[in-house]
Amino acid sequence: MTSSDSPLAPAPQLFRRVQKLMGNRFELTVASGSQQEADSVIDAAIAEIQRIEKLLTTFSDTSETHQINAMAGLAPVIPSPEVYDLIYRSIRISDLTQGAFDITYGSVDKSLWNFDTAMTTLPSKEVAQASVRLVNYKNVLLEPEKRSVLLMHKGMRIGFGGIGKGYAAERAKQILQQLGVQSGIVNAAGDLTAWGHQPNGQPWTIGIADPNAKHQPFSQLNISDMAVATSGNYEKFAVIDGKKYSHTINPKTGLPVTGIKSVTILCPNAELADAMATPVMVMGVKVGLELINQMRDIACLVVDDDNRVHCSKNIRVTA
């Protein structure tokens, strides 16, 4: 904190708060000289996350996301600059991942998927394909001069489930840094961003969850000024005829992804880390890692269905 610059200031300690935000468990950790100071800055960061949730949620008739979806196939909507820019960046990631990331995923027919023990069969390829007929990011028309957004077909829906938590974590970090927090972590249900060092001078250490035992880390990473996001099938999945199917749906086929248990992305920005984790699952080990290896300042760790660990060229893992 800024006050700790004074030689008389108390040594910083770690203060933590856990709160449900955006339908997920957020954990905010700051290094601060006092509980009062920590509470004040964490309050400000949480207020920012709540503000973003109101903009992006699909569960409220007043959100900008709802307004865009309600006008699908009818007329363009001019959202706030912040939401327009987030949609623009989302479409760029869709281009980069050849549609493996797609914010029009909200158009999927959810009635096909429940991913619990009651799910015993997959839908046919034809039924699955029909369920994603409205999923196509190329049908989101942005008008740069007016900064308007039009979903071309009735029934299309956008949603920020694949990027919103990372964006909120990044914004919360920026608020905390503006308020003088020199060291901290914002963890948005596994999409986290960390900056500075622990009070003892050591870097932050995070555990990568074991896909076979989610409360057991199989690897540790030392991170500082870095964001990490993990997408995996250990939270929600279905086992059909002895095969495990991820809750992650390929937006092109409508069928669940197989072959990968988890993907962990590391890069300087939580929004990008969040947005890249799922498409690598969709693309598969070989194509996903080839894409990551072509990008700057981003690394990836993949665990496949046979528990083999695959890493991008620029990552070192210590077990």
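Just so you know, these numbers come straight off a predicted model, no measurement behind them.
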Chemist: Can you tell me how far apart OG (Ser94) and CG (Asn136) are? Round to the nearest 0.5 Å.
Modeler: 9.0 Å

Chemist: Verify, without hydrogens or angle tests, whether Glu53 (side chain) and Met22 (backbone) share a donor-acceptor contact under 3.5 angstrom.
Modeler: yes

Chemist: So do the side chains of Val30 and Leu14 get within less than 4.5 Å of each other, counting heavy atoms only?
Modeler: no

Chemist: Say whether, by atom type as modelled, one donor and one acceptor occur between the side chain of Ser183 and the main chain of His197 under 3.5 angstrom.
Modeler: yes

Chemist: Answer yes or no: are there more than 12 heavy-atom neighbours, outside Gln36 itself, under 6.0 Å from its atom CD?
Modeler: no

Chemist: Can Ile68 be reached from Leu74 by stepping across I, L, V, M, F, W or Y side chains whose heavy atoms are under 4.5 Å apart?
Modeler: yes

Chemist: For Gln129 and Lys252, indicate whether the former's side chain and the latter's backbone hold a donor-acceptor pair under 3.5 Å.
Modeler: yes

Chemist: Is the shortest side-chain heavy-atom distance between Arg17 and Asp39 below 4.5 Å?
Modeler: yes

Chemist: Kindly indicate, with the supporting measurements, whether the criterion side chain to side chain contact (heavy atoms under 4.5 Å, CB included) is fulfilled by Asn139 and Thr104.
Modeler: CA-CA 9 Å; Asn139 291 328; Thr104 65; over 6 Å; no

Chemist: Would you kindly confirm whether Met152 and Tyr105 end up in one hydrophobic cluster when ILVMFWY residues are joined by side chain heavy atoms under 4.5 Å apart?
Modeler: no

Chemist: What about Ile78 and Val83, same hydrophobic cluster or not, with Ile/Leu/Val/Met/Phe/Trp/Tyr joined at side-chain heavy-atom distances under 4.5 Å?
Modeler: no

Chemist: Could you state whether Ile93 and Leu141 fall into the same hydrophobic cluster, counting links through intermediate Ile, Leu, Val, Met, Phe, Trp or Tyr residues with side-chain heavy atoms under 4.5 angstrom apart?
Modeler: no

Chemist: Would you say Gln294's side chain and Glu290's backbone share a donor-acceptor pair under 3.5 angstrom?
Modeler: yes

Chemist: Can you name the nearest heavy-atom pair linking Glu170 to Glu271, along with the distance?
Modeler: OE1-N, 4.3 Å

Chemist: Would you sort out whether Thr62 and Lys54 count as a side chain to side chain contact (heavy atoms under 4.5 Å, CB included), showing the intermediate values?
Modeler: CA-CA 8 Å; Thr62 59; Lys54 286 178 183 172; over 6 Å; no

Chemist: Do the non-hydrogen side-chain atoms of Phe101 and Thr278 ever get within less than 4.5 Å of each other?
Modeler: no

Chemist: So, for Leu56 and Thr65, which heavy atoms are closest and what is the spacing to 0.1 Å?
Modeler: O-OG1, 2.8 Å

Chemist: Counting distance only, does the side-chain N/O of Glu64 pair as donor-acceptor with the main-chain N or O of Ser80 below 3.5 Å?
Modeler: yes

Chemist: Side chains of Arg147 and Asp85, heavy atoms from C-beta outward: is any pair under 4.5 Å?
Modeler: yes

Chemist: Give me the one residue out of Asn307, Asp306, Asp304 that meets side chain to side chain donor-acceptor pair (under 3.5 Å) with Lys261.
Modeler: Asn307

Chemist: Report yes if the side chains of Ile292 and Ile265 come closer than 4.5 Å at any heavy-atom pair, otherwise no.
Modeler: yes

Chemist: What do the steps show when you test Tyr137 against Ile158 for side chain to side chain contact (heavy atoms under 4.5 Å, CB included), and what is the final call?
Modeler: CA-CA 9 Å; Tyr137 72 95; Ile158 59 169; over 6 Å; no

Chemist: Count I, L, V, M, F, W, Y as connected when their side-chain heavy atoms are under 4.5 Å apart, and connections chain through other members. Are Leu272 and Tyr88 then in the same cluster?
Modeler: yes

Chemist: Is the backbone N or O of Ala227 less than 3.5 Å from a side-chain atom of Asn269, with the two atoms forming a donor-acceptor pair by type?
Modeler: no

Chemist: Measure the shortest side-chain to side-chain distance between Ile206 and Asn187 over non-hydrogen atoms and say whether it is less than 4.5 angstrom.
Modeler: no

Chemist: Indicate yes or no for a side-chain donor-acceptor contact from Ser224 to the backbone of Pro203 under 3.5 Å, with no hydrogens or angles considered.
Modeler: no

Chemist: State, yes or no, whether a side-chain contact exists between Glu143 and Leu150 at a heavy-atom distance under 4.5 Å.
Modeler: no

Chemist: Quick one, Leu291 and Gln98 - any side-chain contact, counting heavy atoms below 4.5 Å?
Modeler: no

Chemist: To the closest 0.5 Å, what do you measure between CD1 (Ile175) and CG (Asp43)?
Modeler: 13.0 Å

Chemist: Among Val287, Val257, Val263, Asp102, which one satisfies side chain to side chain contact (heavy atoms under 4.5 Å, CB included) with Val282?
Modeler: Val257

Chemist: Please report the shortest heavy-atom distance between Gly155 and Ala72, naming the atom on each side.
Modeler: N-CB, 4.3 Å

Chemist: If every non-hydrogen atom of Ile87 is compared with every non-hydrogen atom of Val149, which pair is closest and at what distance?
Modeler: CD1-CG2, 3.9 Å

Chemist: I need the Arg89 CZ to Ile163 CD1 distance, nearest 0.5 Å.
Modeler: 6.5 Å

Chemist: What is the minimum heavy-atom distance between Pro12 and Pro199, and which atoms define it?
Modeler: O-CB, 3.5 Å

Chemist: I need the Cys300 SG to Lys313 NZ distance, nearest 0.5 Å.
Modeler: 13.5 Å

Chemist: If I take atom CG from residue Leu266 and atom CG from residue Leu301, how far apart are they, to the nearest 0.5 angstrom?
Modeler: 8.0 Å

Chemist: CE of Met283 to CE of Met276: how many Å apart, nearest 0.5 Å?
Modeler: 7.0 Å

Chemist: Using every non-hydrogen atom in the two residues, find where Trp195 and Ile185 come nearest and quote the distance to one decimal.
Modeler: CZ3-N, 3.8 Å

Chemist: Under the side chain to side chain contact (heavy atoms under 4.5 Å, CB included) rule, what do Tyr167 and Asp274 come out as? Steps first, then yes or no, please.
Modeler: CA-CA 8 Å; Tyr167 173 63; Asp274 187 10; over 6 Å; no

Chemist: Please say whether more than 12 non-hydrogen atoms of neighbouring residues, nucleotides or ligands are located less than 6.0 Å from CZ in Arg92.
Modeler: no

